[in-house]
Amino acid sequence: MNHPDLYLLIDGKRLKGEGRRTQAIINPATGEELAQLPLATPADLDRALEAAQRAWPVWRALGPHQRGRILHKAAALLRERGDAIARLATVEEGKVLAQARIELEVSAETLDWYAEEGRRAYGRVLPQRMPGVRMTVVREPVGPVAGFAPWNFPLGNPARKLGAALGAGCSVIMKPAEEAPGCALAVAQALVDAGVPDGVLSVVFGVPAEVSQHLLASPVIRAISFTGSTVVGKQLAGLAAATMKRTTMELGGHAPVLVFDDVDVDAVLDMAVTSKFRNSGQVCVSPTRFYVHEAIYDRFAAGFAERAKSLQVGNGFDADVKMGPLAHARRLPAVSGLIDEAVQRGAKALTGAKALPGKGFFYAPTVLSDVPDTARIMNEEPFGPVAVLSRFSTFDEAIAKANRLPYGLAAYAFTQNARRVNLLGEQIESGMLGINSFVIAMPEAPFGGVKESGHGSEEGIEGLEACLVTKFITES
Ligand code: NAD
């Protein structure tokens with residue numbers, strides 16, 4: 001298929017090459033160049049800032065009902081264009097087409113959610129202190145938002161950033177990942193075609209550090225929402241602090257999975273393998289450290305390896321394929337470096353532990369057993385198709401292992417014991433906890449972490465909150 005036009009969307013205009021620097025967009029399954037992406041100049045970014053400032057009052061004045069109608073219409077357009085857009089996610093990011101279709105539907109649901117939730121930005125009236133005095137609390141849009149969306153959910157991440165800001169009545173400048181630009185533009189274009197006025201929504205690409213530095217230095221931007229690594233999140237939080245901008249930071253994770261000895265081992269394995277290797281493990285809430293009770297450890301490890309070995313890896317367009325490539329060339333050395341180091345430190349590679357031949361960026365589904373805590377992979381987010389297994393004997397030991405890292409995004413536990421479930425809910429340090437389930441992301445539920453996994457939540461009512469400020473008004 002021909003790759004769609006790539007452009008900067010600024011103040012309602014599509015800006016292409018025209019002397020700008022460009023960057024090659026690569027199909028990660030084949031290594032082939034798909035297109036050249038124009039990168040924003042400082043003047044482009046200033047134009048986007050000026051438009052966001054000018055258009056914000058226009059969007060705000062439309063009110064939540066009219067804004068909601070536009071967001072609903074954009075969701076309908078996404079569904080209408082669904083097949084072509086899902087294919088774009090597979091070609092740009094490498095994910096399996098069936099998963100891209102699910103992501104497309106969830107992206108539409110996210111816009112629908114914010115279309116509705118924007119109407120519920122309720123304030124309150126405080127009890128009078130004396131007759132004739134009225135005291136009210138109102139919620140207002142925070143103002144122009146800068147959203148930084150990564151490549152791993154190239155439709156879902158932009159839908160979250162844009163849905164929250166637009167639903168709350170803010171204008172927004174989004175910098176999506178340069179690796180999957182067509183996907184982000186498809187989401188933005190659905191919103192524009194549904195009636196979002198010029199300037200309310202801009203999409204810019206560029207050298208990430210240059211763009212974030214430029215946008216965050218501007219007083220126009222009142223809040224930022226970043227999804228990406230903890231290292232970059234800390235840099236952006238520092239830049240935001242200089243002008244006291246609000247921040248939502250959805251950063252790295254290293255999700256522990258506690259598997260107790262009272263579970264149906266095969267049923268947990270079936271779920272674990274599907275969840276671990278979804279999007280080649282390039283998911284911030286991907287289950288990573290599997291702490292398994294010693295009574296079932298050997299069976300669990302053997303079953304994990306057997307299932308991982310039989311997974312069909314290949315181009316996401318092929319019907320039998322269950323796992324695609326890594327999303328870009330930098331991921332291969334990053335993932336293999338962590339796995340090789342763990343093996344050098346004594347971990348047993350039960351399957352995988354190697355890149356796969358061919359032109360794309362393929363790495364074999366990998367299961368590592370008896371991984372020592374000192375291995376880097378036990379401490380740094382692998383963001384790849386690797387399950388890391390270790391055993392425990394007591395509940396307290398399992399909790400201590402789960403909580404030992406500075407990360408606290410997602411955690412999972414499998415047990416049939418109700419008392420244990422209760423204690424897990426109290427003692428696990430994470431922003432999200434899946435008990436007997438790996439499904440923790442949906443538009444109506446808050447998605448975010450604690451500790452160095454960030455702060456604030458996307459989605460849920462918290463996602464809207466992040467784009468609102470509170471004003472107290474007293475009248476007498
Ligand atoms: P990377 O750090 O180069 O880029 C990750 C993302 O952050 C990209 O979308 C990139 O455009 C953006 N980014 C990088 N520097 C930036 C800056 N200074 N300003 C604004 N945006 C910036 O790493 P990568 O190799 O592309 O991805 C690997 C790592 O990124 C993973 O280890 C993972 O921790 C993290 N990541 C996290 C998520 C998530 O969902 N939380 C998604 C993708 C990547």
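Quick note: residue numbers are just sequence positions, from 1. Hydrogens, waters and symmetry mates are skipped; everything else that's a heavy atom, side chains included, is used. In each ligand, atom 1 is the first atom listed, and ligand 1 is the first ligand listed.
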| said: Taking the basic N atoms (NZ, or NE/NH1/NH2) and the acidic carboxylate oxygens, is any pair closer than 4.0 Å for R21 and E210? | reply: yes

| request: Return the option from Q235, E381, R330 holding the heavy atom at the smallest distance from atom 23 (O) of ligand 1. | output: R330

| query | Which heavy atom of the protein is the closest neighbour of atom 13 (N) of ligand 1, given with residue, atom name and distance? | reply | P208 CB, 3.8 Å

| field | Heavy-atom nearest neighbour in the protein, as seen from atom 28 (C) of ligand 1, with distance rounded to 0.1 Å | value | R331 NH1, 3.3 Å

| field | Close-contact set for ligand 1 against A177 heavy atoms, below 4.0 Å | value | 9 (O)

| task | Give the residue and atom name of whichever protein heavy atom lies nearest to atom 6 (C) of ligand 1, and the separation in Å to one decimal. | result | P150 CB, 4.4 Å

| task | Determine yes or no for a side-chain-to-main-chain donor-acceptor pair under 3.5 angstrom, with K276 supplying the side chain and P287 the backbone. | result | yes

| query | For atom 38 (C) of ligand 1, what is the nearest protein heavy atom, given as residue, atom name and distance? | reply | F383 CZ, 3.5 Å

| task | Establish, yes or no, whether a centroid distance under 6.0 Å links the rings of W151 and F383. | result | yes

| said: Tell me if the centroids of the rings in F414 and F290 come within less than 6.0 Å of each other. | reply: no

| Under 3.5 Å, is there a donor-acceptor pair between the E116 and H72 side chains? | yes

| field | Where ligand 1 meets E178 - atom numbers and elements under 4.0 angstrom, heavy-atom basis | value | 11 (O)

| Part of Q213 with heavy atoms under 4.0 Å of ligand 1, whether side chain, backbone, both or neither | neither

| remark: Looking only at non-hydrogen atoms, the one of F447, Y407, W151, F148 nearest atom 27 (O) of ligand 1 is W151

| query | Any idea which atoms of ligand 1 are less than 4.0 Å away from a heavy-atom of K175? | reply | 11 (O)

| Using heavy atoms and a threshold below 4.0 Å, how should the contact between S212 and ligand 1 be classified: side chain, backbone, both, or neither? | side chain

| task | For the pair D112 and R79, find out whether any cationic side-chain nitrogen is under 4.0 Å from an anionic carboxylate oxygen. | result | yes

| request: State, yes or no, whether a side-chain contact exists between L155 and I85 at a heavy-atom distance under 4.5 Å. | output: yes

| said: I'd like to check K161 versus I224 (side-chain heavy atoms, cut-off strictly below 4.5 Å). Are they in contact? | reply: no

| task | Nearest heavy atom to atom 30 (O) of ligand 1 wins, so pick from S229, A329, C284, A327. | result | S229

| note | Numbered in order shown, the ligand 1 atoms found under 4.0 Å of a heavy atom of T227 are 39 (C), 40 (O), 41 (N)

| task | Can you pull out the closest protein heavy atom to atom 14 (C) of ligand 1? Residue, atom name and distance to 0.1 Å, please. | result | V232 CG2, 3.8 Å

| request: Validate the cation-pi geometry between R160 and F447: distance from NZ or CZ to the six-membered ring centre under 6.0 Å, angle to the ring axis within 45°. | output: yes

| How far is atom 18 (N) of ligand 1 from its nearest protein heavy atom, and which residue and atom name does that atom have? | A209 CA, 3.4 Å

| message | Do P181 and I25 have side chains that approach each other closer than 4.5 Å (heavy atoms only, starting at C-beta)? | response | yes

| request: For atom 25 (O) of ligand 1, grab the closest protein heavy atom and report residue, atom and distance to one decimal in Å. | output: H328 CE1, 3.4 Å

| said: I need the atoms of ligand 1 closer than 4.0 Å to a non-hydrogen atom of F226, numbered in the order shown. | reply: 7 (O), 21 (N)

| request: May I ask you to test the C170-V142 pair for a side-chain heavy-atom distance under 4.5 Å? | output: yes

| said: To the nearest 0.5 Å, what is the distance between CG on L236 and CZ on F226? | reply: 5.5 Å

| query | Which is it for L236 and ligand 1 at heavy atoms under 4.0 Å: side chain, backbone, both or neither? | reply | side chain

| Taking heavy atoms and a distance under 4.0 Å, where does Q282 meet ligand 1: side chain, backbone, both or neither? | neither

| field | atom 36 (N) of ligand 1: any protein heavy atom closer than 4.0 Å | value | yes

| Given that the side chain starts at C-beta and the backbone is N, CA, C, O, which of these parts of E179 lies under 4.0 Å from ligand 1, counting heavy atoms, or is it both or neither? | neither

| request: State the atoms of ligand 1, each with its element, that fall below the 4.0 Å cut-off from a heavy-atom position in G228. | output: 35 (C), 36 (N), 37 (C), 38 (C), 41 (N)

| Using a distance-only test with no angle check, is there a side-chain donor-acceptor pair under 3.5 angstrom linking E92 and H3? | yes

